[in-house]
Structure formats: C-alpha cells, structure tokens
Trainee: 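Pasting a structure here, questions to come.
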Amino acid sequence: MRKTVLTLLLASFVGMLAFAQQKQQIERLYDYEKYQEARSVAVDWVTKEPTNPEAWYVAGKLLSKLNMVDSAETFFKKGIEVSPKTPSYNYIGLLRIAFHKNVTDKDKLEDLFDKAKDFRTSKKDQRWFLEMADACLLAPVENNQIENYLNDAIKLERKNAQIYMIWGEFFSLQNNVTAANEKYQIALDYDKTLSRAYVEKGSVYEKVKNYGEAEIQYKKAIEMDSLFPPAHGNLAEMYHSLKQYQKAVDEFGKYMKYGEPSVANERRYASYLFQAKDYKTAISTLEKLYAKDAKDPYYVRLLAWSYTEIGDSVKSVKYFDDYFSLVDKTKGTYGDYSRYGRALIKAGKDTLLALENLKMAYALDTTKVEVLSEMSKVYKKLKRWKDVAACMDMKIKNGGNAVETTDYLDLGMSYYFDSLYQKSRETLEKLVSIKPKLFIGYLWLSRSLVALDPESKDGLAKPAYEKIIELCKEPDRYKNDLITANAYLGSYYYIQAEVSRTANDKAKEDEQMVKCISYWKKIQEIDPTNAQLNSLLTNKVFKEYFSK
C-alpha cells in the first residue's frame, strides 16, 4: 500500500514537473519573441495531452497574446470541455476573450467572473490572482480591481517577480512612469536575471520621450542577456524613430540573428538598410524575399528604389515596371514617380513616359523643384524650348533657395532658341547682375544682344563682349568665343570709323580705326589664318591701318 501511494505521489510529481517545464518553455519562447516556435510547442502539448485543461489554457493564453482571438477562444472552450469539473483557468481565458472583443454585456461578464471564482482550486492559489490581474489588463476596469488581485497575491508570496511585472505593466498603461519603474525594479530585486524588466522600463521611458534613459535600460537588458531579442528589437525601433538608421540596422540585425526569422522582420530589416543607405545589402535581402514572392509590391518597389540609388537604372526601370503592373499607377508617391522618371531617362528608355512620371511627381509635391530641372533636361534634348522655358520659369518663381544660377542661364538660352530675344536678354541680364563674373552668362547675353541688333548699329552687345574678353581665363578652351568677341568689337569700331569718315572727322576716324585694328590683331594672334581677317585685309583702307 505504501509503495502504491509513493508511486502515485511520484507520478503526480513527475506530471507537475512536466507541466511546469512545458509552461515555462512556452513562456520563455514567447518572452524571446519566438512566436512560431512557442505555438508549435503549445500545439504539440495539447496534441499529446488532449485531456489536460492546463495545456489548453496555456496554449489559449499564448494565442490570445498573439491576437489570434478566435483560435484562443476555441482552445479555452476545449479546456473546459475536456475537464468540466476541474477546468484549470480556462474561464479566466474566456474572460480574456470577452475583454479582447470589448464585450459590454454586464451579465455575461459577471457570469464569467463568477465561474472563474467558482472553479478556483484554492483561496491560496496565487497563480489565480495573477491570471485574473493579467486578464483584467485588457479591460476598462477600475484601477483598484487589478491592484486588489495583486495585493492578494502578495499576501500569499511577496517575492514572486511576476506580481511586479504585471503591476508595472498596469502602471505603464496609465503612463505613470515613476510607479511603473518602481514595480519593475522590485521585480528585478527578486529576480536578477529578468531581462524583460529592463526592456519594460526602457519602453516606459521611451513612451515619455526620455530616450537617453530608455537606451540605458535596453542596454542593461543586453548586458544581462546579450541574446535577448526584445532588447535589441526595441533599441532598433527607438534608433529608427530617432533617424539613427545605422544604429537601427546594427541592432535589428542582432534581433534577426537571435530572434525568430520571419518575412515581416526581413521586410523591416530591408527598409532599415535602405534608410541607412546600405543599398547593396538591402538589395541582397530584398532579392531573397522577391524570389519567394515576386507579386509583393513592397519588395518590388523597394528594389526599384534601391537600384535607383546605386545607379543601376536598367534594373530600377525593370522593377518599377513590375511594381506599376501590380498596383494602381495613380496611387504612386512622389518618390516613385521621380525615381522612375530619372531611371527611364538614364536608361535611355521611353522619354515621354519619363516626362509623364516627372510631371506626376511635381504635381504631388511642388516644393521639389529639382524635378523641374530634370524635366528641363529632357525637353532640351527634344529641343522643345517653350517647355524648357516653362519649367525654368516655374522653378525660378517657386524654388526659393533652391534656385541656381544655371536656372537663369537655361531660361535665357531657351528664350534665345525660341527667338524670344528680348526675354532672353532680360533673363541673362538678371543672371549677370547676380553673378557679375560669370563668363558663360555674358557669352549667352552677347548672343541675345546680337540677335536684337544684328547690324551692330547700336552696339548693344559691345559691353557684353568686352566682359567676355575681360573674364576669359581659359583662352584655349574658348578660342572661338574670343575670336567672335574681338571680331564683333573690331567690326563695331570699323562701322563707327566709317560714320566718322562720312562726316569728314579724320581725327575721330583714326581713333576708332586704331581701336578696330587692336581687336583684329588679337584675332591674328589667336588664329593667323582667320578667314574673316584675311578678307578684310583685301580692303585697301583697312590694310593701311592694319600695317601701321
């Protein structure tokens, strides 16, 4: 008889030990955010012990924490069904479900509360109080109801860290930083290895934007357990929110390494890599995801963006084509259209499609005036000068500090090529007033002025050509422009000398011819075989002055 009793006690002890181990394993896996593995262990447990209400409850609670509410409810009901007289905590589980579903029916809630109490194994069952308090965290109940459960739990065993973890969460939900951290610290006092407590403290500080203290707490959790994924994950999320992207990548990489692999985590990691400008690693990560699911617009889009950033316009266009085949083209963003347009241009693809995308980008964000410059470049290649002018005029009017001197130059040039010489002159005069030593500004201004005064009767271009000669620092590069400037000035003074000759003003004629010849001699230095100069030398009067 004694042997039989001993055997039964031993069997009971082994069963309790096995239960404790299963429960602890599931809770630890959940704590380490290895959710799929935790589910696998929980499902395996109920499969092996289908009549064990504890197994159904622990599995159901896990599912409810993973927001698999309907499945959790099924598990709790099954736990009651397999053991209606000793249903473990499954009625508390159904109470959790009621809170999840925001049930407001007072009779239903009271019935669940009553049943949870009725099937309590003992008034000294501390776990019952903890399970009730944890469930009630989901409900809009009075504060003292949760605290009453926790105070009752303390009366039974004060040094249970779990009491203070639940209490800390309660105060955290109230945004009561001081009280929450006090409770988490007590939990640590009773369990020095509780990395989760440091993570929760960090979360509380992060809520109130005390990022420095939050970082300290997360790092303490890592010091205690360097393999604890939530510490790395929370730290990564915080760094990301602070736009410290490289730090976010480093920490999230560790979270991925120590935690549970998942598509959602890989997606997030890829986005962090992109924001940290580690485009090649982002592409490597995304290509693996793309190989598994080529129809997911998220991967395709980020691949298109990433290839744009590394200058691979061909692949960027390919993925943008794929992306817009998967989504409504009109739902794109500024970043989509602007990158697609630039990639099309760089890849030498459909020019009109590139313009269409750049226009859509600008329509979404008119502060991004650099898109107008991109459009202008395309219009230049197409020699659509009115469109170039429209883009540059809009940029100058709306661009503020983003307006560059080259924008005035492009506008002036577009007017010139469109034969709007007066507008070209006004624009280029504005440019050289802003940049009085800009050689190329005077170069194009002189051309506009010549177009307005083709016979040089008024000498409109004279000041501009004089500036060209004064400012030219690279005579070899601008040889032809220097010849043009000197020829214009030489011709101008030759015409003036003829006027003086007609007026019989010999002194004035000589003065103007001396100036005229000085410019043509500069041309002779630059290009001794200059055809225009050699033609003038056939003129007897010109040759006489040139020979002096």
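Because only heavy atoms are used, hydrogens play no part in the values below, and waters and symmetry mates are left out as well, while side chains stay in. All residue numbers refer to positions in the sequence shown, counting from 1.
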Trainee: Taking atom NZ of Lys386 as the centre, report whether more than 12 heavy atoms of other residues, nucleotides or ligands fall under 6.0 Å from it.
Mentor: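 Open.
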
Trainee: Is there a donor-acceptor pair closer than 3.5 Å between any side-chain N or O of Ser424 and the backbone N or O of Gly412?
Mentor: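 Here the side-chain-to-backbone pair exists.
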
Trainee: Would a line drawn from the ring center of Tyr478 to the ring center of Phe439 be shorter than 6.0 Å?
Mentor: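 That pair passes the under 6.0 Å test.
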
Trainee: Kindly indicate whether a cation-pi arrangement holds for Arg268 with Phe252, taking the cut-offs as under 6.0 Å to the six-membered ring centre and within 45° of the axis.
Mentor: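 Geometry flag: not set, cation outside 6.0 Å or 45°.
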
Trainee: Would you say the side-chain atoms of Asp278 and Tyr245 include a donor-acceptor pair closer than 3.5 Å?
Mentor: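 Checked: Asp278/Tyr245 side chains show no N/O donor-acceptor pair below 3.5 Å.
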
Trainee: Pair Lys467, Glu470 - check salt bridge (Lys or Arg N to Asp or Glu O under 4.0 Å), show working.
Mentor: CA-CA 5 Å; Lys467 270 290 186 182; Glu470 175 192 333; 3.5 Å; yes

Trainee: For the residue pair Glu33 and Tyr255, confirm or rule out a side-chain donor-acceptor distance under 3.5 Å.
Mentor: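 Short answer, yes.
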
Trainee: Please check if any side-chain donor atom of Tyr488 sits under 3.5 Å from a side-chain acceptor atom of Glu466, or the reverse.
Mentor: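 Checked: Tyr488/Glu466 side chains show no N/O donor-acceptor pair below 3.5 Å.
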
Trainee: Does a side-chain N-to-carboxylate-O contact under 4.0 Å join Lys329 and Glu356?
Mentor: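 A salt bridge links Lys329 with Glu356.
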
Trainee: I want to know whether Tyr421 and Tyr415 have ring centres closer than 6.0 Å.
Mentor: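 No, they do not, as the ring centres are separated by 6.0 Å or more.
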
Trainee: Determine, using ring centers only, whether Tyr279 and Phe274 are less than 6.0 Å apart.
Mentor: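 Ring centres of Tyr279 and Phe274 closer than 6.0 Å.
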
Trainee: State whether the side chain of Tyr442 and the backbone N or O of Pro436 hold a donor-acceptor pair below 3.5 Å, judged by distance alone.
Mentor: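 The answer is yes, because a donor-acceptor pair under 3.5 Å joins these two groups.
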
Trainee: Hey, is NZ on Lys462 packed in by over 12 heavy atoms from elsewhere, all under 6.0 Å?
Mentor: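 More than 12 within 6.0 Å, yes.
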
Trainee: If you take the centroid of each ring, where Trp contributes its six-membered ring, are Phe228 and Tyr198 closer together than 6.0 Å?
Mentor: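 No, the ring centres sit 6.0 Å or more apart.
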
Trainee: Hey, is NZ on Lys430 packed in by over 12 heavy atoms from elsewhere, all under 6.0 Å?
Mentor: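 Not buried by this count: 12 neighbours or fewer within 6.0 Å.
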
Trainee: Taking all non-hydrogen atoms of both residues into account, name the closest pair between Ala72 and Ser64 and its distance.
Mentor: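 Smallest interatomic distance, heavy atoms only, reads CB-N, 3.6 Å.
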
Trainee: Between Asp481 and Arg447, is the closest basic N to carboxylate O distance under 4.0 Å?
Mentor: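 Result for this pair is yes, salt bridge flagged.
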
Trainee: For Gln275, run the side-chain hydrogen bond (donor to acceptor under 3.5 Å, both in side chains) check against His240, Gln246, Lys243 and tell me which one passes.
Mentor: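 Running side-chain hydrogen bond (donor to acceptor under 3.5 Å, both in side chains) over His240, Gln246, Lys243 with Gln275 returns exactly one hit, His240.
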
Trainee: Flag this pair as yes if the NZ/CZ of Lys368 is under 6.0 angstrom from the six-membered ring centre of Tyr334 and inside a 45 degree cone about the axis; otherwise no.
Mentor: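 Because its charged atom sits under 6.0 Å from the ring centre and within 45° of the axis, Lys368 does stack over Tyr334.
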
Trainee: Pairing donors with acceptors under 3.5 angstrom, does anything connect the side chains of Arg39 and Tyr35?
Mentor: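 Distance-only check fails for Arg39 and Tyr35.
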
Trainee: Looking only at the side chains, is there a donor atom on one of Asn486 and Tyr465 sitting less than 3.5 Å from an acceptor on the other?
Mentor: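 No donor-acceptor contact under 3.5 Å links the two side chains.
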
